[in-house]
Amino acid sequence: MRRRLQKCFCLLLSLLLVLGTLTACSQSAEKTDNNAVAGNSGKEETKKEEAGIYDGIEPLETETELNFGYLTGSHHGMIIYMIDKMGGYEKAGIRANIETFGNGPVMVEAMASDSWDCGTIGLGGVLTGVISQDMVVIGAAARDYDSLRIFAKNDSDIVSAGNTLKDYLDIYGTADTWKGKEILIPTGSTLHYVLSTGLSKFGLSDTDVAMTHMDVPGINTALRANKGEIGALWGSFTYADEMKENYTVVMSANDLGIELPTVMCANPRSYEDPAKYKAIKKWMELYFATVDWIYSSEEHFDKAVEMFTEINEEAGATGTLEENRTVLENNRHYSLSDNVKLFNEKTEDGSMLLIEAMHNDPLLFYIKNGSYQKGDDTKLLGGYFKADIINEIAAMKE
């Protein structure tokens with residue numbers, strides 16, 4: 001009897017221990033699940049809050065795929081990335097595929113095989129794209145003035161010569177010190193235009209120097225390794241403290257009075273496709289909504305700086321928060337109202353749109369230098385700068 005009671009007691013004790021263990025595990029699992037839900041909920045709430053930027057934008061009736069292109073490290077292209085991260089494409093009914101390119105001409109080459117439908121690009125891409133492939137310019141993306149810079153080693157004779165031009169106080173060197181120099185630069189780009197303009201102030205042309213074509217990220221890597229006497233950079237690369245240790249800015253767009261825009265562009269075949277056209281228009285609505293949000297408060301601007309830094313890190317174009325902040329502060333994006341003016345108002349002589357003039361003047365310079373042919377300016381002004389989408393979006397806002 002006594003043994004039977006002991007046996008029952010042990011059995012009961014075992015059952016209690018098992019039940020206790022199961023209860024503890026259940027509570028632990030419930031707690032873990034609740035934490036996971038809370039964590040996911042927090043992320044979803046953040047995304048939901050950011051997606052509120054696009055509450056006023058009606059989604060497409062039919063979900064449409066769009067392939068986007070933009071330049072690595074570019075402030076104008078970062079908006080494409082931000083829209084994706086903040087849930088804009090999903091909300092608008094766009095299936096987005098995003099690809100980055102080293103420079104505008106390379107991006108234009110990819111358009112020939114329909115690798116992208118729309119995106120953002122600079123001067124070099126516009127000239128090449130319109131003249132050679134009928135690319136359509138559909139909006140102004142961002143200013144591109146301050147960060148277009150040419151660097152020379154601190155011990156270069158160009159830097160040693162100092163400023164020799166009274167009208168351009170921050171341009172270094174002389175005709176003799178520039179002649180024959182090898183310059184690392186993305187040819188056919190906005191940086192090429194800055195260099196050509198700067199050389200002309202010394203009475204020189206492109207043929208007086210040796211340009212070695214490289215993408216900007218590659219140039220940045222070379223200069224940081226202290227290789228190459230002269231190199232051209234744009235974007236956050238130009239504000240890095242490391243550059244100041246070994247290099248000096250010897251030319252810049254600002255110093256030369258050059259004002260260049262970057263633009264929103266479209267593959268002509270995508271632009272003519274009714275479904276793609278609607279999706280591209282929806283993308284531009286998202287773009288302007290994002291720009292308005294960025295500049296609506298310091299908190300939003302700070303968030304944009306963080307995301308720009310994230311973009312660059314993912315693309316291998318590293319830069320600090322402060323460097324990227326300087327880029328955005330000095331190269332503001334164009335608003336919808338800016339676009340309405342640029343794509344509808346004409347120059348004083350009434351010969352071309354303001355946005356066309358901002359590209360035609362550099363092209364005439366290139367033609368004079370032999371980089372483009374006579375008649376290319378006629379092609380540029382042949383109706384490829386289209387205000388249709390800009391005006392349709394503006395009409396919706398009235």
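Computed from heavy atoms alone, side chains included, the values below leave out hydrogens, waters and symmetry copies.
Distance CG/Asn312 to CZ/Phe237: 6.5 Å, rounded to 0.5 Å. Between the CE atom in Met86 and the NZ atom in Lys91 there is a gap of 11.5 Å [rounded to 0.5 Å]. Rounded to the nearest 0.5 Å, atoms CE (Met211) and CG (Leu199) are 8.0 Å apart. Between atom CZ of residue Phe101 and atom CH2 of residue Trp116 there is a gap of 8.0 Å, rounded to the nearest 0.5 Å. Atoms CD and NZ, on Glu229 and Lys181 in that order, are 3.5 Å from each other to the nearest 0.5 Å. Note: Ile280 CD1 to Tyr287 OH = 14.5 Å, rounded to the nearest 0.5 Å.
In this structure, Met396 is not a member of the same hydrophobic cluster as Leu60, with clusters built from ILVMFWY side-chain heavy atoms closer than 4.5 Å. Hydrophobic clustering of Ile, Leu, Val, Met, Phe, Trp and Tyr side chains at less than 4.5 Å, counting indirect connections, keeps Met352 apart from Leu260.
Remark: Asp117 engages Lys276 in a salt bridge, criterion side-chain N to carboxylate O under 4.0 Å. Using a 4.0 Å cut-off between charged nitrogen and carboxylate oxygen, Arg149 and Asp170 do not count as a salt-bridge pair.
Residues Ser335 and Phe288 are not in side-chain contact: their nearest non-hydrogen atoms beyond the backbone lie 4.5 Å or more apart. A heavy-atom distance below 4.5 Å is not found between the side chains of Val108 and Val126. Between Leu204 and Lys179, some side-chain heavy-atom pair lies under the 4.5 Å cut-off. Two residues are said to be in side-chain contact when any heavy atoms from C-beta on lie closer than 4.5 Å; Ile258 and Leu148 fail this criterion. Here the side chains of Ile83 and Trp283 are in contact, with some heavy-atom distance below 4.5 Å. Annotation: side chain of Ile183 is in contact with side chain of Trp178 (closest heavy-atom distance under 4.5 Å).
Using modelled atom types, no side-chain atom of Asn97 and backbone atom of Glu65 make a donor-acceptor pair closer than 3.5 Å. A donor-acceptor pair is defined here as one N or O able to donate and one able to accept, closer than 3.5 Å; such a pair exists between the side chain of Asp208 and the backbone of Ser205. With Asn220 contributing its side chain and Val216 its backbone, the two residues share no donor-acceptor pair below 3.5 Å. Checking side-chain atoms of Thr64 against main-chain N and O of Thr62 turns up a donor-acceptor pair under 3.5 Å. Under the 3.5 Å distance criterion, the side-chain polar atoms of His333 are matched with a main-chain donor or acceptor of His75. Without hydrogens or angle criteria, Glu323 side chain to Thr320 main chain gives a donor-acceptor distance under 3.5 Å. At least one donor-acceptor pair under 3.5 Å links the side chain of Asn331 to the backbone N or O of Val327. With Asn344 contributing its side chain and Ala387 its backbone, the two residues share no donor-acceptor pair below 3.5 Å. Checking side-chain atoms of Asp215 against main-chain N and O of Pro217 turns up no donor-acceptor pair under 3.5 Å. A donor-acceptor pair is defined here as one N or O able to donate and one able to accept, closer than 3.5 Å; such a pair exists between the side chain of Ser113 and the backbone of Ala110.
Across every non-hydrogen atom of Ser196 and Asp206, the tightest pair is OG-OD1, 2.7 Å. When all heavy atoms of Val136 and Ile138 are compared, the closest pair comes out as CG1-CG2, 3.7 Å. Leu381 and Glu356 make their closest contact through CD2-CB, 3.7 Å (heavy atoms, listed as atom of the first residue, atom of the second, distance). In plain terms, the two heavy atoms of Leu71 and Met107 that are nearest each other are CD2-SD, 4.0 Å. Here the closest non-hydrogen pair linking Leu336 and Ala394 is CD2-CA, 4.1 Å. For the pair Leu328 and Val305, the tightest heavy-atom approach, listed with the atom from each and the gap, is CD1-CG2, 4.0 Å.
The neighbour count for Glu242 CD, taken as heavy atoms of other residues, nucleotides or ligands under 6.0 Å away, is above 12. For Glu58, the CD atom sits in a loose shell: 12 or fewer heavy atoms of surrounding residues, nucleotides or ligands are nearer than 6.0 Å.
Using modelled atom types and a 3.5 Å distance limit, the side chains of Thr174 and Asp176 yield no donor-acceptor pair. A side-chain N or O of Ser252 and one of Asp255 form a donor-acceptor pair less than 3.5 Å apart. Side-chain polar atoms of Thr262 and Asp144 form no donor-acceptor pair below 3.5 angstrom. In this model, no donor atom of one side chain and acceptor atom of the other lie less than 3.5 Å apart for Asp377 and Asn360. Inspection of the Tyr54 and Thr290 side chains reveals an N or O donor paired with an N or O acceptor under 3.5 Å. Thr187 and His192 form no side-chain donor-acceptor contact under 3.5 Å, judged by distance and modelled atom types alone. Looking at Thr248 and Asn154, their side chains do bring a donor and an acceptor atom within 3.5 Å of each other.
Relative orientation of the Tyr247 and Phe151 rings is perpendicular, given thresholds of 30° and 60° on the angle between their planes. The aromatic rings of Tyr277 and Tyr271 stand perpendicular to each other, their planes meeting at an angle above 60°, with 30° marking the opposite boundary.
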Going through the distances and angles, do Tyr81 and Glu310 end up as a side chain to side chain donor-acceptor pair (under 3.5 Å)?
-> CA-CA 10 Å; Tyr81 173 97; Glu310 183 181 334; 2.9 Å; yes
Carefully, step by step, assess Ser160 and Tyr172 under the rule side chain to side chain donor-acceptor pair (under 3.5 Å).
-> CA-CA 8 Å; Ser160 299; Tyr172 287 69; over 6 Å; no
Going through the distances and angles, do Asn103 and Ser189 end up as a side chain to side chain donor-acceptor pair (under 3.5 Å)?
-> CA-CA 7 Å; Asn103 59 66; Ser189 68; over 6 Å; no
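At least one cation-pi condition fails for Arg95 and Tyr89: the charged atom is not both under 6.0 angstrom from the six-membered ring centre and inside a 45 degree cone around its axis.
Ring-centre distance between Tyr193 and Tyr366: below the 6.0 Å cut-off.
Screening Arg269, Lys379, Lys386 against Asp134 for a salt bridge (Lys or Arg N to Asp or Glu O under 4.0 Å) leaves a single residue, Lys379.
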